[in-house]
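Report on the structure given below.
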There are 2 protein chains.
Amino acid sequence: MEDVAQAAGVSTATVSRFLNSPNRVAKETADRVQRAIRELGYRPNVFAQGLMTRKSHVIGILLPDIHGEFYSELLRGAAAEARRLGYHLLISSESGDGPATMLSSNVIGFMAGLAVMVTEPNEELWQQIKASGLPLVVIDEAIHANGLDRVLVDNASGTREAVNHLLASVRPEDMYFVGGPKGNFDTTERAAVFVQTIAHAGWTPSDEQVRYGEYTVEWGRKAAGALLQRVASRPIGVLAANDEIAFGILQAAQEAHVDVPARLRLVGFDDTRLASLMRPQLSTVRMPTADLGAHAVRVLIDRLAQPQRAGTLTTLPTRLVVRGTSGDPGTESGS
Amino acid sequence: MEDVAQAAGVSTATVSRFLNSPNRVAKETADRVQRAIRELGYRPNVFAQGLMTRKSHVIGILLPDIHGEFYSELLRGAAAEARRLGYHLLISSESGDGPATMLSSNVIGFMAGLAVMVTEPNEELWQQIKASGLPLVVIDEAIHANGLDRVLVDNASGTREAVNHLLASVRPEDMYFVGGPKGNFDTTERAAVFVQTIAHAGWTPSDEQVRYGEYTVEWGRKAAGALLQRVASRPIGVLAANDEIAFGILQAAQEAHVDVPARLRLVGFDDTRLASLMRPQLSTVRMPTADLGAHAVRVLIDRLAQPQRAGTLTTLPTRLVVRGTSGDPGTESGS
DNA sequence: CGCAGAAATGCAAGGGCTTGCATGCCGAGA
DNA sequence: TCTCGGCATGCAAGCCCTTGCATTTCTGCG
């Protein structure tokens, strides 16, 4: 920097000002500095900058996992938005590390803030996160504290839409929900709305009608075993808590020669690529996955500038995408 | 830090030494410092540290995209390995940014090194990368320079294996290769070995037998259109340049009621999750995707410690995984 | 032509840490 | 008892910037 200053015939202060508030330096001087910088290939030292300003353009993102359609899409949305706003992402996932290697390491010192998503409620991890003292935004989970910014997905709207859609051709007593892990935030919300919507249609779902497992194809196949036995003269309706599960159910049904959608009407959740890859294509509730990541980042960055606004709650809409597995709307013959 | 020093009754120099070379401080003193640190919740300031040492435990990873099975798996492998070695990953993708926002931004100042993968040969980007002056490792691409560390996948072994496997039940003149983008490194390598292996079997493939397109399901479907017309009394063999393409081909075949594997024998590439999801399950060449990421990170970190060793070339093996689409080995009836 | 106020720039003090060198202490060998 | 090497520790410089304050230069107006 000193060299640049010298080359431009100014002091380092002016160079610094040129970099940080160009309007505070005379145009003519600015040009000289500009040129000197270019010619010398000068790059300010981020460490020194950070040391002075206590700021950085790096934000951390902590996810349960990096892998899989959902997280990678989330990450993509987050990365794109961060980049757009001049920030960069430092990633960390729960799995593979002990819960939070990132948090206990010094890198958190680089971060201006942290976007967090953890699937399982994990008090210890959560304590660590809070202890970091970093500005936080929480993605799609139950945690709830004063002044905490959160970004959620409106599970209710999509679930309700899906259930009602199914109810158009399936009796309430023939409806099933195949969930992910019991206790998981999304599964819990979706199950609740499922039950509530069925109840609204005049039927109280039995425990049989709401099942919990995992977010996997395997669980879908397994759950399908029980379900397929219920298929009789009347078609059954199944809402899966994600597309993976739905895919497992579809495969199992096809292997058992149970026609989908004629005898089993299926709706998934998330609208991952898998949904349009399978045949028939999966009706599913679209999650604004990339938006979720993007929003989280946006809120976080906004919070860095405006700490006093903390406590925001953003809810992103979901909506049903009707495709082949829930019955061609034109062919539906009522219940 | 000063507070810690005071609390422990030592100088800041001792605290620093305790942190960086614990063996240079008396055990008894160490304990006091340790306690003081814990009680005060002291965390060294990374900026100040970086300013002094010119080091950081952050490495950048630049990928063509974050999305999709392949990249997210690569990223996962890289992140896990980085974490294991006490490093953290700063991500950036070509798509969504202008080519290299990351490179032109100051964050590169945080990074100790950079792992790079770019699909399309892109001279301008590559210049920028080199200009960063960062230690580099190149993942799976053609770029080739003196003293550059590279991590590659041994396309040849897997391709050869796959082609020979298909040749066991398909005549060389009935073999087809459906590639990704012409010019893409992997596609080029695989196509070359495909041609070579067929040639070795005594037949020179026509241009018809080697086609280029994209790494997408859609391209697979489209390519299948032409292919399916070739299916006659004898089965044809198809090697797709990735599983996506293979999936498209399989779907198109099924829709056209061309039995797979009886009349079309199909092998994909990458062994993504998609491969075992489809029915019949896809025979495919397994890529050590996560390993690729992990290795890149390992080499890079090794290089930080041992710059003089630069110029390494690591080749990770691929191998054929035989599943349903290439004919049940037990059922194969020769050509 | 002189002066006040604004604009442009320079000066220098840190920001929190690491590390070469100096100091003080100890035990061991003479 | 004296000297000397080695260990543990302290001192203070310096890493490269930013920024409040001081200084200089310029502008416009009386």
Side-chain angles (χ1 to χ4, degrees), chain A residues 1-37 40-58 86 105-112 132-134 304-305, chain B residues 1-37 40-58 86 105-112 132-134 304-305:
Chain A
M1 177 159 169
E2 204 149 338
D3 298 342
V4 173
Q6 198 149 15
V10 297
S11 74
T12 61
T14 301
V15 177
S16 174
R17 273 192 277 262
F18 167 75
L19 257 20
N20 301 305
S21 31
N23 52 324
R24 294 180 43 64
V25 35
K27 181 156 184 356
E28 184 184 320
T29 317
D31 292 344
R32 289 210 314 282
V33 174
Q34 172 76 292
R35 185 142 40 91
I37 287 180
L40 277 66
Y42 168 75
R43 275 247 174 77
N45 179 310
V46 274
F47 294 110
Q49 280 185 156
L51 186 53
M52 274 304 291
T53 63
R54 260 84 244 301
K55 293 191 180 137
S56 86
H57 279 183
V58 172
S105 114
N106 282 341
V107 270
I108 74 161
F110 283 130
M111 308 187 307
S132 74
L134 254 25
L304 299 178
Chain B
M1 178 159 170
E2 203 148 336
D3 297 342
V4 172
Q6 197 150 15
V10 297
S11 73
T12 60
T14 302
V15 176
S16 174
R17 274 191 277 262
F18 168 77
L19 258 18
N20 302 305
S21 31
N23 52 324
R24 292 178 43 64
V25 35
K27 183 160 183 353
E28 186 183 319
T29 317
D31 291 344
R32 289 211 313 283
V33 174
Q34 171 77 292
R35 185 142 39 91
I37 286 180
L40 276 67
Y42 167 74
R43 275 245 175 78
N45 179 311
V46 275
F47 294 112
Q49 280 185 157
L51 186 54
M52 274 305 292
T53 63
R54 261 83 243 303
K55 291 188 181 139
S56 87
H57 280 183
V58 172
S105 114
N106 281 340
V107 270
I108 75 163
F110 284 129
M111 309 186 309
S132 75
L134 255 24
L304 299 179

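Residue numbers start from 1 in every chain, and the chains themselves are labelled A, B, ... in the order their sequence lines are given, proteins ahead of strands. Note that this is a predicted model, so its numbers are computed, not measured.
- The neighbour count for B:R24 CZ, taken as heavy atoms of other residues, nucleotides or ligands under 6.0 Å away, does not exceed 12.
- Checked against C:dC17, D:dT19, C:dA8, the side chain of A:M52 finds its nearest nucleotide in D:dT19.
- Residue A:D3 contributes atom CG, which lies 12 Å from atom P of D:dC15 at whole-angstrom precision.
- Between A:D31 and A:R35, none of the side-chain N atoms (NZ, or NE/NH1/NH2) sits under 4.0 Å from a carboxylate O, so this pair counts as no salt bridge.
- The nearest whole Å value for the distance from the CG atom in A:N20 to the P atom in D:dC16 is 17 Å.
- Distance from the side chain of B:A26 is smallest to D:dA8 among D:dA8, C:dG16, D:dT19.
- If you take CE of A:M1 and P of C:dA12, they are 16 Å apart, rounded to a whole angstrom.
- Contact annotation: B:N45 side-chain N/O to C:dC17 OP1/OP2 distance is not under 4.0 Å.
- A distance-only check finds no donor-acceptor pair linking the side chain of B:S21 to the backbone of B:N23 [under 3.5 Å].
- Residue B:G109 is classed as having no contact, given no heavy-atom separation below 4.0 Å to the nucleic acid.
- Regarding B:N23, its CG atom lies at a distance of 17 Å from the P atom of D:dG6, rounded to whole Å.
- As judged by a 4.0 angstrom heavy-atom cut-off over every strand, B:A13 is placed among the base-contacting residues.
- Two residues are said to be in side-chain contact when any heavy atoms from C-beta on lie closer than 4.5 Å; A:Q49 and B:N106 meet this criterion.
- Phosphate proximity of C:dG10 to A:T14: present, with a side-chain N or O under 4.0 Å from OP1 or OP2.
- Contact annotation for A:F18: no contact, since no heavy-atom pair falls under 4.0 Å across all strands.
- As a whole-Å value, the separation of B:L51 CG from C:dG16 P is 12 Å.
- Toward the 5′ end of DNA chain D lies the nearest nucleotide of A:V15, the other residue of the pair A:V15 and A:R24 mapping further downstream.
- The separation between A:Q49 atom CD and C:dG16 atom P is 17 Å, rounded to whole Å.
- In this structure, B:F47 atom CZ and D:dC16 atom C1' are separated by 14 Å, rounded to whole Å.
- A distance-only check finds a donor-acceptor pair linking the side chain of B:S56 to the backbone of B:V58 [under 3.5 Å].
- Whole-Å rounding puts the B:K55 NZ to D:dC15 C1' distance at 14 Å.
- Contact of A:R17 with C:dG10 (side chain to base): a donor-acceptor pair of N or O atoms is detected under 3.5 Å.
- Considering only side-chain N and O atoms, B:R54 lies under 4.0 angstrom from the phosphate OP1 or OP2 of D:dC16.
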